[in-house]
Amino acid sequence: MINTLKHQYLTIIWAVLVLILCDMPMDSTGGVPVFEGFDKLVHTGFFFVLTVFMFYGKIRQQNSYSFRILSVLKIFLIATAFGALIELLQWKVFTYRSADWWDFFCDVTGVGMGIFSYIFLHRTQNAKSV
């Protein structure tokens with residue numbers, strides 16, 4: 001357990017940051033120019049980075065790029081559950097934020113993009129070693 005946490009420190013830091021940012025009250029009069037759907041893009045990016053950090057920690061822990069479908073499934077489930085937790089917190093605890101199914105969909109999309117990136121990198125690493 002400690003060995004896993006030691007290699008997942010970036011994931012933990014990023015998850016805490018995402019949790020804080022997703023549950024902060026949003027100032028609608030902010031000076032940052034945004035477009036419609038910017039929130040969805042942010043959710044996708046947050047969870048893409050989270051997934052990449054999870055794979056990075058797993059690669060460091062294993063000390064290899066070995067492709068394990070069980071690891072991919074675990075990372076998918078953990079990251080998806082984290083996205084669901086954020087939406088649940090927005091719905092029940094942080095009522096000044098609104099829970100949104102589309103936000104959750106974008107979270108899962110970001111996770112899928114991260115998994116695709118890992119699989120693509122894995123295949124690239126295997127091609128170089130042949």
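Not measured: the values here are computed from a predicted model.
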Rounded to the nearest 0.5 Å, how far apart are [atom1] of [X] and [atom2] of [Y]?
X	Y	atom1	atom2	result
Phe82	Leu77	CZ	CG	15.0 Å
Leu5	Ile12	CG	CD1	5.0 Å
Trp102	Asp39	CH2	CG	13.5 Å
Thr11	Tyr9	OG1	OH	9.5 Å
Phe104	Thr80	CZ	OG1	5.5 Å
Asp103	Phe47	CG	CZ	9.5 Å

Of all heavy-atom pairs between [X] and [Y], which one has the smallest distance, and what is that distance?
X	Y	value
Ala15	Leu50	CB-CD1, 4.1 Å
Ala99	Gln90	CA-OE1, 3.9 Å
Asp23	Ile86	OD1-O, 4.1 Å
Gln8	Lys58	NE2-N, 3.4 Å
Phe48	Gly114	CD1-N, 3.4 Å
Phe53	Leu10	CD1-O, 3.8 Å

Quick one: do [X] and [Y] end up in the same hydrophobic cluster if we chain Ile, Leu, Val, Met, Phe, Trp and Tyr together by side-chain heavy atoms under 4.5 Å apart?
X	Y	result
Met113	Phe116	no
Phe38	Phe105	no
Val72	Leu121	yes

Validation row: [X], [Y] side chains within 4.5 angstrom (heavy atoms):
X	Y	value
Phe94	Cys22	no
Ile115	Phe55	yes
Ile75	Tyr118	no
Thr51	Phe76	no

Inset, instruction - Can you run down the side chain to side chain donor-acceptor pair (under 3.5 Å) pairs that involve residues 104-114, sequence neighbours left out, and say none if there aren't any? - result: His43-Asp107

